[in-house]
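Everything below concerns the one structure shown next.
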Amino acid sequence: GLLRMEAGDREGAEARFRRALAGAPGEPDILVNLAEALSLAGRHDEALALLAGPAADEGADPQGAARARLANQRGNILARARRFEEAVREYEAAIRLDPASPAYKENCAAACIELDMVHRAEELLAQVEPEHPSAAVYNMIGTVAALKGERARAEAAYRAALAREPSNPDVAVNLALLSAEKGDWRAAGDAVEAVLARSPSHARALALRDRLRAQHQQRLECSTCGREWWAPKDLPPQPGLTVRGEPPADAPAGRCPSCGRLYCVGCASQHVRESRFFCPGCGQSLRLSDGALRWLLVRAIEGTRGGGST
């Protein structure tokens, strides 16, 4: 069943877990796994009923460890269904039954953060962090500190998380959000672009990039191929520049002074006269007529030299 789950075959996993449960009714491992398969298929209520039914009672133990695992799994399912108040109640029950488990406290802290129960989340994380430090724990500590307005503490916690998991996109986005809140939107934008280079579909990174662009950047587009660039809205005056050799194909080649069309180097390379790019429609030489174009071209050239990115 676990192998079928790893392969993405939830129906096959469910069938095998049910066969296993028929052979060992009330076995907590099997109940938890079957409930997980049902929940991942969107059948949350069915999964919860399984964990609260007679089969679950059969597997209960006097010490409470098995009951704690079942309560924790109910919490996981409720959290996945975004029923966080109910999830917190189940996690708290799991903690009472098995106070030594750091996983239950981490899960409860995460659900508390969703409900802005900041002080309870902080209390739980303070119990976990000394003996079980992890990227997830430090990330939540940072989030709690950010919710309390303690930005320096939040940044220190996020950096501690990244020291343990340098490629963790969620932590990197949290740091970017912190930079944006401090007014350093360029650092935030660079951090978000680094996340999206590794995880192009990361929802929170995409949302933050959209927000930063709407507030602080201007969009430019090649008239031929639609390639887009983003430049700061508040650029200081940019010096003139002379380019020797052909710049990168994804850099802006310039704007036509007659029709106003903008071209990238890749498209403009098809229209060169006397070593200069010209507009195929008007025949005018293209010009880097505003600071944003000059800024983008410098960034593109630096990127090819390892000094930055477009």
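Sequence positions, counted from 1, serve as the residue numbers for this chain.
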Say you draw a straight line from [atom1] of [X] to [atom2] of [Y]; how long is it, rounded to the nearest 0.5 Å?
X: L296; Y: R294; atom1: CG; atom2: CZ; result: 11.5 Å
X: K148; Y: H119; atom1: NZ; atom2: NE2; result: 6.0 Å
X: Q270; Y: T224; atom1: CD; atom2: OG1; result: 9.5 Å
X: H44; Y: I77; atom1: NE2; atom2: CD1; result: 8.5 Å
X: L70; Y: Q73; atom1: CG; atom2: CD; result: 8.5 Å

What is the minimum heavy-atom distance between L21 and G26, and which atoms define it? CD1-N, 3.8 Å
Look at [X] together with [Y] and state whether they make a salt bridge at an N to O cut-off of under 4.0 Å.
X: R89; Y: E92; result: no
X: E14; Y: R18; result: yes
X: D45; Y: R83; result: yes
X: E11; Y: R4; result: no
X: E228; Y: R213; result: yes

Check against side-chain contact (heavy atoms from CB on, under 4.5 Å), L286 and R255: CA-CA 5 Å; L286 302 182; R255 191 184 298 279; over 6 Å; no
Scan side-chain atoms only and decide if [X] and [Y] contain a donor-acceptor pair under the 3.5 Å cut-off.
X: N107; Y: N72; result: yes
X: N139; Y: N168; result: no
X: K233; Y: Q218; result: no

Can you label the angle between the H216 ring and the W185 ring as parallel, tilted or perpendicular, going by 30° and 60°? parallel
Keeping the roles fixed (side chain from R276, backbone from V272), state whether a donor-acceptor pair exists under 3.5 Å. no
Of the options R159, R153, R151, which is the one that meets E155 in a salt bridge (charged side-chain N to carboxylate O under 4.0 Å, His left out)? R159
Between Y91 and N76, is there a side-chain heavy-atom distance shorter than 4.5 Å? yes
Y263 versus C225: any side-chain heavy-atom pair under 4.5 Å? no
